[in-house]
Each structure stands twice: as C-alpha cells, then as structure tokens.
Amino acid sequence: MAGWKEKFYLTTPIYYANSRPHVGSAYTTLVCDTIARYKRMCGLDVAYLTGTDEHGENIARAAAKQGISPQELVERNWRIFQDLWKLLDIRYTHFIRTTALEHAGAVQKMLRRARDAGFIYKGKYQGRYCVFDNLYVTDSTEPADCPTCGRPAELMSEENYFFKLSAFQKPLLDLYRERPGFVKPDFRRNEVISFVESGLKDISISRKSIKWGIPWPGDEEQVFYVWFDALTSYLTGIGFAEGEQGSEEFRKYWPADFHMIGKEIIRFHAVYWPAFLMAASLPLPKTIFAHGWLLFEQEKMSKSKGNVAYCEPIIQVLGSDALRYYLLRDVVFGQDGNFSRDALLTRYNSDLANGLGNLASRTLAMVERYFSGEIPTPADGADERDAAVESRAAATIRASLEQYDQLAFSRALEAIWELVAEVDRYLVLEQPWSLAEDASKRGRLARVLGTAAQALRTVTVLTYPVLPQATEKIWQQLGQRGKLAEQRMDELQWGQLKPGTRIGKPEAVFPRVDKEEAYERIEAMEQEIRQPPSAPAGALTPTAPARISIEDFAKVEMRVGEVRSAERVVGADKLLKLMVDIGGEVRQVVAGIAEVYRAEEVVGRKVIVVVNLQPRKLRGVESNGMIVAASVGPQGKPVLAGFLEDVPVGSRLR
Ligand code: MSP
C-alpha cells in the first residue's frame with residue numbers, strides 16, 4: 001500500500017515532577033530519542049511518549065515545603081522537563097501530564113473495565129505510615145522507620161480499594177514463557193519470573209489519607225494511588241480516554257512496542273502493568289526493557305548527597321550532542337554505567353573533536369581548497385587502498401545497523417569510529433596535501449578526496465540518531481539536499497555522494513576544548529545549580545543584572561592575604577592548593593594559576609582573596625575562597641593581582 005508505514009510506539013517512564021532532572025533521569029529519555037530517530041530512519045511511523053508524574057505524596061510534600069499548592073508546583077516543574085528535553089534535542093511526539101483532565105478520564109475508564117471484570121474490591125489496608133511526613137512507608141506491618149525523618153513509622157489501617165493481583169500469577173507466568181521478549185534483558189526476565197513464582201498478593205490501589213490525586217469514582221474519600229494512575233499515562237497520551245475504543249491514534253499505536261524504564265521500576269512495569277491491562281481486556285505491550293543505573297563517579301546519584309550531575313552545564317560547555325554521544329558510547333546499554341566528567345571530556349576531545357570533527361573539517365577544507373568546493377569526479381581508477389575503505393564502509397553499515405537493532409549503542413558507535421580511524425589512516429598514508437603539489441597526480445587526488453568524502457557521508461548518516469545537531473551541520477557542509485533525518489538507514493550505501501556536488505562552507509562542528517578549563521566551568525555551573533543563590537527550588541537560576549549597586553559590591557569581602565604554602569593538585573594541570581593567611585586565619589584556597597606560577601614562587605607572596613564565597617570543591621579539593629587575578633589574552637592566562645606598597649595581611653579592600 002502506497003504511503004503505508006509500520007507503526008512503532010515507544011515510551012519513557014513519566015518523571016516525578018517534584019525535582020529537577022539530572023543526567024541519570026535524562027538517560028532514559030536520551031536513549032529513547034536515539035531509538036526513535038533510528039526507527040524513523042528505518043521507515044517506521046514512530047510515536048514517542050514521555051511526560052510528568054504529577055500526583056502523590058512526594059509532590060504534595062515538596063509543594064508544602066515551598067509554601068505553595070501542589071498544582072502550582074507541578075505547573076512550574078513540568079516546564080523544566082520540557083525545557084531540558086528541548087536543550088537535549090529530544091523529539092518526542094506526545095507529552096502527558098497526569099494532572100490533565102483526559103488522564104483522570106483514562107484512569108477511571110481503566111478502573112471501570114477492571115471492576116466490571118471483577119478484579120477490584122474494597123478491603124482493609126495495613127501498613128506503616130509516618131504521621132510527621134504523611135508518608136506511606138511500607139505495605140508491611142513489620143516495624144520500619146520513615147525514610148524522610150527517620151522516626152519510627154506507625155502501624156495504620158484504613159479501608160482501601162484493592163486490585164486482585166493474585167489472580168494473575170498464572171497468566172503472568174504463561175506470558176513470560178510464551179513471549180520471552182516481553183521482559184528484556186534476559187537476566188531481568190529471570191528476576192521477574194522468580195518474583196512472580198514466589199506468590200503475588202493483592203495490592204491496594206487507592207488511599208484515604210492522601211488528597212492530591214485522581215478522585216475515585218463514587219467514593220469521594222479516596223484517590224487513586226500512584227502506580228495505577230501513573231502507568232495508565234501510556235494509554236492516555238495517545239487517546240485512550242476518547243470514546244469506548246479510544247481515539248483513532250490510540251487504535252493505531254496501542255499496544256506499545258517498547259516501554260523503556262530504569263531497573264528499579266521493573267516490578268511495576270513487568271508485573272502490575274500487564275495484570276492491569278489483562279484485567280481491562282487490553283492488548284499487552286511487546287517489550288519492557290529495563291536499563292541499568294547511571295552512577296556518578298561510581299556512586300548512586302543522590303540529590304541529598306549532592307553527588308548528581310546536571311545536563312545544562314555540559315550542554316553549555318560541550319553541546320548536547322557531546323552528552324548524548326558520551327552516554328551512549330561509554331555506558332554498555334542494559335548494565336549500570338558510570339558518569340565521570342573526566343571521561344566525558346576525554347571522549348569529547350578524542351572521538352568528537354579529533355575524530356569525527358577533524359575528519360569532516362580536513363576533508364571538506366581540502367575539497368574547498370583543491371577543487372573549488374566541488375566533490376571531485378575520480379578520474380583515476382580505484383586501487384586496493386581505496387577499495388579497502390569502501391569495503392570497510394559497507395561492513396560498518398551492516399554491523400552498526402545490526403547493533404542499533406539490538407540496542408547495542410556502544411558497539412554501533414565503536415564500529416563507526418573504527419571507520420573514522422580507518423579513513424584518517426588512509427588520508428595520512430595518501431597525503432592529499434602532497435598530491436596537490438604535483439599536477440600529474442590530480443586524478444589520484446580526486447580519487448582520495450572523493451573516497452574520504454564518501455566515507456564521511458556514510459558516517460554522518462549512521463551517527464545521526466546519536467548526534468543530531470552536528471551531523472545535520474556536516475550534511476549541509478557536504479552539500480546534501482533535504483533533511484538528514486529523512487534519509488533511509490536501510491537504503492544507505494556507498495556512492496550516494498554524487499561527484500560535482502557543491503559543498504557548503506566548512507566549519508568546525510566540535511571545537512577542541514581545554515580539558516581543565518572545561519572541567520572547571522562545568523563544575524562551577526553545577527555548584528550554582530546545587531545551591532542557587534536564593535531561587536526557589538526547581539526554578540532555574542535567574543540571570544544577573546548587568547549593573548550592580550554599591551550594596552551589592554559591599555557584599556563581596558576581599559582581603560589581603562599572604563601565601564604560607566603551596567602545592568599542585570594531583571591530576572590537575574592548572575590548579576595549585578594554597579594555604580593563605582588572611583589575618584588571624586589560614587584558609588585553604590585552590591587557584592587556577594599552576595600553568596603560569598610554580599608552587600615555590602607564590603609562597604610568601606601577598607595576594608587578594610575573596611573570603612566570603614561559598615566553599616566549593618575543585619577536583620575534589622575544598623577551596624575556601626578565591627584568589628583575584630587578571631585574565632590576560634585569548635587563552636585567559638592568570639596574572640595575580642597585588643600591591644606596589646606593602647599592605648598588612650588581613651586589610652579589607654573596598
Ligand atoms: N514516576 C515514576 C515512573 C512512572 S512510569 C509509569 C518514576 N519517575 S522517576 O522520575 O523517578 O524516574 C524516571 C526515570 O529516570 C526512570 O526510568 C528511572 O530509572 C530513571 N532514572 C532516574 N535516575 C537514574 C539514574 N541515576 N540512572 C539511570 N536512570 C535513572 O520512577
């Protein structure tokens with residue numbers, strides 16, 4: 001049928017709208033965006049849903065803490081997610097908020113269907129509850145402490161509505177057996193099977209002590225409890241609430257092809273969710289894929305511990321493609337992975353700036369210089385070295401598409417970068433810059449640059465799902481018409497770059513960065529996000545006014561200090577750790593001056609210290625103040641500020 005496309009429906013979990021997303025939360029969404037872009041390029045009609053989970057106690061508590069209503073809190077916070085997704089170039093097609101009116105309709109419809117089928121009943125709920133935090137701590141009656149305040153939670157009981165999960169033990173086990181691809185990866189499926197085999201208890205799906213939720217139809221004392229509400233969003237977002245059968249869109253896209261989730265919520269997705277759907281007589285999703293966690297410098301990311309990494313500083317310093325590439329290249333998808341700024345910057349410089357970026361700029365610059373910006377027509381025949389690049393490109397297309405299909409992003413990128421390295425070696429060996437000096441070798445020069453440009457086009461198409469911004473630019477620079485996003489991956493082959501094509505203006509897509517400096521800029525911005533001056537939690541830091549009042553200036557306390565001792569910070573080329581006497585107190589201050597000043601040369605020197613800055617860590621070393629220096633020249637070389645006269649230590653600057 002002309003114009004007919006196979007559908008593909010993909011979801012991320014919907015995010016709790018009580019706190020700001022970090023790199024870990026962005027991970028699921030970013031991976032899904034890559035999958036969505038890839039599937040579109042394979043000719044599928046993709047629906048990609050994400051959203052915000054806006055009900056429940058955690059939202060109500062966060063709002064109360066800030067003295068605002070839950071509605072006000074979620075109104076503010078859901079936009080933060082949307083803004084970040086925009087920054088990260090996430091092209092979702094559907095965004096669902098659980099406070100949307102149609103969502104309440106969808107949840108109540110699900111309930112009606114399950115109730116009519118006899119899977120809902122009213123019963124006595126017993127569990128542990130913290131009266132100070134209004135928190136249901138556990139469904140078990142065993143003693144437990146509140147995770148928020150640490151006080152012992154009280155035994156409580158109330159009338160709730162229950163879902164007969166126990167009735168689904170056999171149907172679920174049959175499902176896992178008959179459809180081995182239902183839960184992925186395999187080791188997670190095995191965990192789920194053992195859990196279900198050990199017996200399923202009915203679950204309470206409503207609460208009396210919570211007010212912030214979707215009302216239970218016919219019982220105004222109760223609201224839906226989180227998971228029945230949250231999971232239904234996968235249906236609402238594509239039009240389940242509409243009419244008896246759902247909207248046309250719903251009928252087209254449901255069941256989902258992929259629910260992508262983090263490993264900690266697998267039970268809800270692989271056990272509760274198919275049971276809810278079976279109870280409501282709805283088709284089941286094809287695959288639940290649980291990925292691992294992203295750790296921050298080897299530890300679990302935790303906002304309260306302060307060890308989280310945020311996306312915005314990375315995007316500002318390196319661009320969003322860099323973060324996308326790093327996460328997909330360095331983390332083996334499915335397993336836990338580690339986020340490290342060091343590794344991110346190393347990858348950026350080696351793979352993006354020196355790798356793809358350099359291949360693009362040198363190839364295009366030579367086409368511009370030697371062939372007036374026109375892809376040359378190879379006059380000379382191909383020799384075995386050209387043929388080797390061509391056959392490597394063909395093998396790379398096959399291998400990387402296979403890896404993408406298996407969600408083995410890291411291996412797909414590894415294969416593509418082997419091609420980048422091969423073309424680099426080819427250019428070094430062929431030396432087109434030398435061929436250009438000999439008019440009799442023009443035919444060979446045309447062949448070499450044509451081959452490199454052909455390979456660059458192949459790499460550009462293959463990496464688009466991961467690097468949408470940079471590849472779109474290279475695509476334009478290669479003089480290609482139309483949108484790169486609309487290219488077909490499954491039709492990609494050698495030779496699609498036509499000789500005679502006029503290229504665009506070559507421009508660097510990944511400028512090399514000074515690792516040390518980039519590290520510090522990212523870290524400084526991170527600290528600002530963690531301790532915003534006095535912005536309400538969740539809101540973005542406001543920009544500073546261009547001019548400040550004298551009162552503002554007076555807030556900065558600068559004093560004359562004398563350096564008592566100095567040493568280099570291990571592993572940082574630019575940093576010195578100084579012990580500075582500021583008059584009655586010796587402060588540890590880390591200064592970015594090591595490229596210009598040796599440690600022994602600053603000992604005994606008088607410096608100006610900003611003494612009332614929030615302490616911060618640079619490369620893990622605490623800095624309690626800042627040394628004032630001029631930043632000179634394009635490289636920003638530091639020159640320490642000082643005095644011509646002798647000034648007593650501790651004197652204040654005004
Ligand atoms: N609201 C629920 C999901 C309901 S789905 C019907 C929820 N929200 S969440 O905000 O806590 O998590 C959203 C997603 O972010 C989950 O897939 C979770 O696994 C993922 N991540 C949050 N922190 C993470 C890491 N540090 N690493 C990787 N993913 C993590 O759960």
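FYI, side chains are in, hydrogens and waters are out, and symmetry mates aren't considered; it's all heavy atoms of this structure. Indexing begins at 1, ligand by ligand and atom by atom, following the structure's order.
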Heavy-atom nearest option to atom 20 (C) of ligand 1, drawn from D229, T98, T28 | T28
Where is the nearest protein heavy atom to atom 9 (S) of ligand 1: which residue, which atom, and how far?
-> Y16 CD1, 3.7 Å
Can you pull out the closest protein heavy atom to atom 5 (S) of ligand 1? Residue, atom name and distance to 0.1 Å, please.
-> Y234 OH, 3.4 Å
With heavy atoms under 4.0 Å as the rule, classify the contact between E264 and ligand 1 as side chain, backbone, both or neither.
-> side chain
Under 3.5 Å, is there a donor-acceptor pair linking the side chains of S194 and E197?
-> no
Take atom CZ of R113 as the centre, draw a 6.0 Å sphere, and report whether it contains more than 12 heavy atoms from other residues, nucleotides or ligands.
-> yes
Could you tell me the residue and atom name of the protein heavy atom closest to atom 26 (N) of ligand 1, and the distance to it rounded to 0.1 Å?
-> L294 O, 3.1 Å
Is the centre of the Y234 ring less than 6.0 Å from the centre of the H259 ring?
-> yes
Options I14, I266, N18, ranked by nearest heavy atom to atom 2 (C) of ligand 1, top entry | I14
Note: F268, heavy atoms under 4.0 Å from ligand 1, region reported as neither
Atom 16 (C) of ligand 1: closest protein heavy atom, distance to 0.1 Å, is P13 CG, 3.7 Å
Flag the pair W227 / F268 as yes when their ring centroid distance falls below 6.0 Å, and as no otherwise.
-> yes
Ring centres of Y92 and W85 under 6.0 Å apart?
-> no
Applying a 4.0 Å heavy-atom criterion (strictly less than), which segment of D53 is in contact with ligand 1: side chain, backbone, both, or neither?
-> side chain
So the atoms of ligand 1 within less than 4.0 Å of a heavy atom of G24 turn out to be 21 (N), 23 (N), 24 (C), 25 (C), 26 (N), 27 (N), 28 (C), 29 (N), 30 (C)
Specify side chain, backbone, both or neither for W227, according to which of its non-hydrogen atoms lie closer than 4.0 Å to ligand 1.
-> side chain
Near-ring test Y272/F228, centroid separation under 6.0 angstrom = no
Got an N/O contact under 3.5 Å between I261 and ligand 1?
-> no
Taking the six-membered ring for Trp, is the centroid-to-centroid distance between Y253 and F250 below 6.0 Å?
-> no
Ring centers of Y121, Y161 separated by less than 6.0 Å = no
among protein heavy atoms, the one nearest atom 15 (O) of ligand 1 is Y15 CE2, 3.5 Å
Region of K300 engaging ligand 1 - heavy atom pairs below 4.0 Å = neither
Which atoms from ligand 1 have a heavy atom of W293 less than 4.0 Å away?
-> 27 (N), 28 (C)
Out of H291, H22, M301, whose heavy atom is nearest to atom 23 (N) of ligand 1?
-> H22
Centroid-to-centroid, F163 to F168, below 6.0 Å?
-> yes
